[in-house]
Amino acid sequence: MVTLNDPVYVEAAQALARRMDAAGETLEEAIRHGFRRCLAREPSDKELAALNRLFQKTRKRLAETPERAEKLATIPLGPAPEGADTVKLAALTVVANALLNLAELTMKR
């Protein structure tokens, strides 16, 4: 639970989310990009679907509270890029945080 909420991990997730957002025109491309950057492999269809569901559920919830989305997308990293959809960035931040906390990334084999 520490890494999910630690400010360093949140900032890293925000930075990864911005790279994901810039990397592809579709959500699938963005998620694939983040997955490859973290794990150096392609996600399976099951993994991609789970991350897509996480994004959709989170985006829907954050759309109801745009001020919360703004904070999640910008604090502590800083202002979102000009013209960015902060609700989308915030939802991508949650996806990026999930990626950064995968056992496959954090555990040595």
Side-chain angles (χ1 to χ4, degrees):
M1 294 304 279
V2 171
T3 58
L4 283 171
N5 298 312
D6 185 275
V8 172
Y9 271 79
V10 173
E11 186 171 5
Q14 289 170 336
L16 178 57
R18 291 178 188 195
R19 292 182 91 159
M20 291 166 66
D21 189 41
E25 293 194 17
T26 68
L27 176 60
E28 182 177 318
E29 290 173 351
I31 292 172
R32 285 183 182 281
H33 179 78
F35 199 97
R36 282 192 307 268
R37 291 199 62 81
C38 290
L39 299 174
R41 68 173 179 84
E42 288 293 325
S44 68
D45 291 341
K46 185 177 177 181
E47 291 166 327
L48 189 60
L51 292 168
N52 192 322
R53 281 191 308 274
L54 175 61
F55 174 86
Q56 298 299 341
K57 181 179 177 182
T58 304
R59 184 177 189 156
K60 182 178 179 182
R61 190 178 73 241
L62 289 171
E64 297 169 1
T65 56
E67 65 284 342
R68 185 171 174 216
E70 177 82 22
K71 287 180 183 178
L72 182 56
T74 62
I75 297 173
L77 188 59
E82 189 173 323
D85 176 350
T86 55
V87 173
K88 179 182 179 187
L89 278 180
L92 282 173
T93 297
V94 171
V95 171
N97 200 10
L99 289 171
L100 293 172
N101 280 278
L102 289 171
E104 187 175 342
L105 182 75
T106 60
M107 304 298 250
K108 258 188 167 176
R109 290 186 185 200

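Hydrogens, waters and symmetry mates are skipped; everything else that's a heavy atom, side chains included, is used.
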Cluster check Val94, Ile75: I/L/V/M/F/W/Y, side chain < 4.5 angstrom: no

Heavy-atom side-chain proximity of Arg37 to His33 below 4.5 angstrom: yes

same_hphob_cluster(Leu54, Leu100) at 4.5 Å side-chain heavy-atom cutoff: yes

Nearest-0.5 Å distance, CG of residue Asn52 to NZ of residue Lys57: 13.5 Å

Residues that Val87 engages under side-chain contact (heavy atoms from CB on, under 4.5 Å), provided they are two or more places apart: Arg59, Leu62, Ala63, Ala69, Asp85

Any donor-acceptor pair under 3.5 Å from Glu29 side chain to Ala23 backbone: no

Gap between atom NZ of Lys60 and atom OG1 of Thr58 - 0.5 Å precision: 12.0 Å

Any Leu16 side-chain heavy atom under 4.5 Å of Cys38 side chain: yes

Derivation of the side chain to side chain contact (heavy atoms under 4.5 Å, CB included) call for Lys88 and Leu27: CA-CA 10 Å; Lys88 179 182 179 187; Leu27 176 60; 5.6 Å; no

Thr86 versus Ala73, closest heavy-atom pair with distance: O-CB, 3.7 Å

Salt bridge (Lys or Arg N to Asp or Glu O under 4.0 Å) between Lys71 and Glu67, worked out: CA-CA 6 Å; Lys71 287 180 183 178; Glu67 65 284 342; over 6 Å; no

Non-hydrogen side-chain atoms of Leu99 and Ile31 separated by less than 4.5 Å: no

Side-chain donor or acceptor of Gln14 paired with backbone N/O of Leu72 under 3.5 Å: yes

Taking every non-hydrogen atom, the tightest pair across Pro7 and Pro76: O-CG, 4.1 Å

Non-hydrogen atoms of Phe35 and Glu47 that approach each other most closely: CZ-OE1, 3.4 Å

Close side-chain approach of Phe55 to Leu92, heavy-atom, < 4.5 Å: yes

Within one Ile-Leu-Val-Met-Phe-Trp-Tyr cluster: Leu77 and Val10, side-chain cutoff 4.5 Å: no

Neighbour count >12 (heavy atoms, 6.0 Å) for atom CZ, Arg19: no

Minimum side-chain heavy-atom gap Leu89-Thr74 below 4.5 Å: no

Minimum-distance pair of heavy atoms, taken over all atoms of Met20 and Ala30: O-CB, 3.2 Å

